[in-house]
Amino acid sequence: MKEEIILAGFGGQGIMLIGKLLAYAGMKEGFEVSWMPSYGPEMRGGTANCIVKISTKRIASPLSSNPDSLIVMNLPSLEKFESYMNNNGSIYFNSSLIKKELVRKDINIVEVPANDIAKDLGNSKVANMVMLGAYLAKKDFISIDIVKESLSKVLSARRHNLLLMNEEALDIGASISKV
């Protein structure tokens with residue numbers, strides 16, 4: 001098993017957090033993992049993306065030119081990375097912020113209204129967890145329970161007051177993705 005994922009959005013959308021969380025949970029599940037972040041020059045509002053690889057075999061390079069999955073939180077990220085996708089790969093996109101028809105027809109498309117769901121939960125910052133929950137439900141190789149256990153290790157201590165809300169966001173994302 002090998003999964004290459006590009007996660008992308010604006011700085012401040014929690015892209016690095018869900019990338020680290022995927023890598024940490026994958027490691028706890030016994031997989032080989034790599035996580036490679038990439039930041040734009042701005043702190044907030046600039047581009048942020050990372051590549052996560054999860055495999056049963058050793059990972060030779062953290063780079064990915066043809067990912068299996070793309071998780072995108074905004075339109076500029078979709079426009080940048082859509083063409084990189086593997087044939088029959090999957091794009092998970094934040095339909096709350098992306099109002100564009102995808103160009104590629106040879107890939108699976110999962111629309112997740114992540115920001116709308118996060119607002120309903122009372123905190124727009126958990127939109128990333130809604131997206132991650134949707135991804136985990138479709139892929140089914142990393143347990144959502146392991147991801148929840150990993151939250152307290154990956155989330156900074158000053159954000160531990162949001163652990164339950166993040167867990168709820170993961171569950172809601174997973175439930176809408178199964179439909």
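All heavy atoms count here, side chains included; hydrogens, waters and symmetry mates do not.
- The closest side-chain donor-acceptor pair between Asn88 and Asn108, if any, does not fall under 3.5 angstrom.
- The structure places CG of Asp120 at 8.0 Å from CD1 of Ile172, a figure rounded to the nearest 0.5 Å.
- Across all non-hydrogen atoms, the minimal contact from Ser64 to Glu4 is OG-OE1, 2.5 Å.
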Donor-acceptor contacts under 3.5 Å from residues 49-63 side chains, at least two apart:
| from | atom 1 | to | atom 2 | distance (Å) |
| --- | --- | --- | --- | --- |
| Lys53 | NZ | Ser61 | O | 2.7 |
| Lys53 | NZ | Leu63 | O | 2.6 |
| Ser55 | OG | Met1 | O | 3.3 |
| Ser55 | OG | Lys57 | N | 2.9 |
| Ser55 | OG | Lys57 | O | 3.1 |
| Thr56 | OG1 | Met1 | N | 3.0 |
| Thr56 | OG1 | Met1 | O | 3.3 |
| Ser61 | OG | Leu63 | N | 3.2 |

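- Following chains of ILVMFWY side-chain contacts shorter than 4.5 Å, one can reach Phe31 starting from Met27, so the two form part of one hydrophobic cluster.
- Within the 4.5 Å cutoff, side-chain heavy atoms of Ile91 are placed close to those of Leu102.
- Annotation for Met131 and Val112: closest pair SD-CB, 3.5 Å, computed over non-hydrogen atoms.
- At least one donor-acceptor pair closer than 3.5 Å links the side chain of Gln13 to the backbone N or O of Phe10.
- By the 4.5 Å heavy-atom criterion applied to side chains, Lys125 and Asn123 are counted as neighbours.
- With hydrogens and angles left out, the side-chain atoms of Glu111 and Ser95 include no donor and acceptor closer than 3.5 Å.
- Summarising the geometry of Asn94 relative to Pro113, their closest heavy-atom pair is OD1-C, 4.1 Å, with the distance given to 0.1 Å.
- Note that CD1 of Ile98 and CG of Leu75 are 6.0 Å apart. Values are rounded to the nearest 0.5 Å.
- Contact annotation: the side chain of Asn128 never approaches that of Ile15 to less than 4.5 Å [non-hydrogen atoms, C-beta and beyond].
- Closest heavy-atom contact between Met85 and Pro67: CE-O, 3.7 Å.
- In this model, a donor atom of one side chain and an acceptor atom of the other lie less than 3.5 Å apart for Asn86 and Asp68.
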Please list, one pair per line, the donor and acceptor atoms closer than 3.5 Å that link side chains of residues 144-157 to other protein atoms, with sequence neighbours excluded.
| from | atom 1 | to | atom 2 | distance (Å) |
| --- | --- | --- | --- | --- |
| Lys148 | NZ | Asp171 | OD1 | 2.7 |
| Lys148 | NZ | Asp171 | OD2 | 2.9 |
| Ser150 | OG | Ile146 | O | 2.7 |

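- If you chain together hydrophobic residues whose side chains sit under 4.5 Å apart, Leu164 and Met129 never meet in one group.
- Between Tyr135 and Leu22 the shortest side-chain heavy-atom distance falls below 4.5 Å.
- At a threshold of 4.5 Å between non-hydrogen side-chain atoms, the residues Phe141 and Glu3 count as touching.
- Counting only heavy atoms from C-beta outward, the side chains of Ser90 and Lys138 never approach each other to under 4.5 Å.
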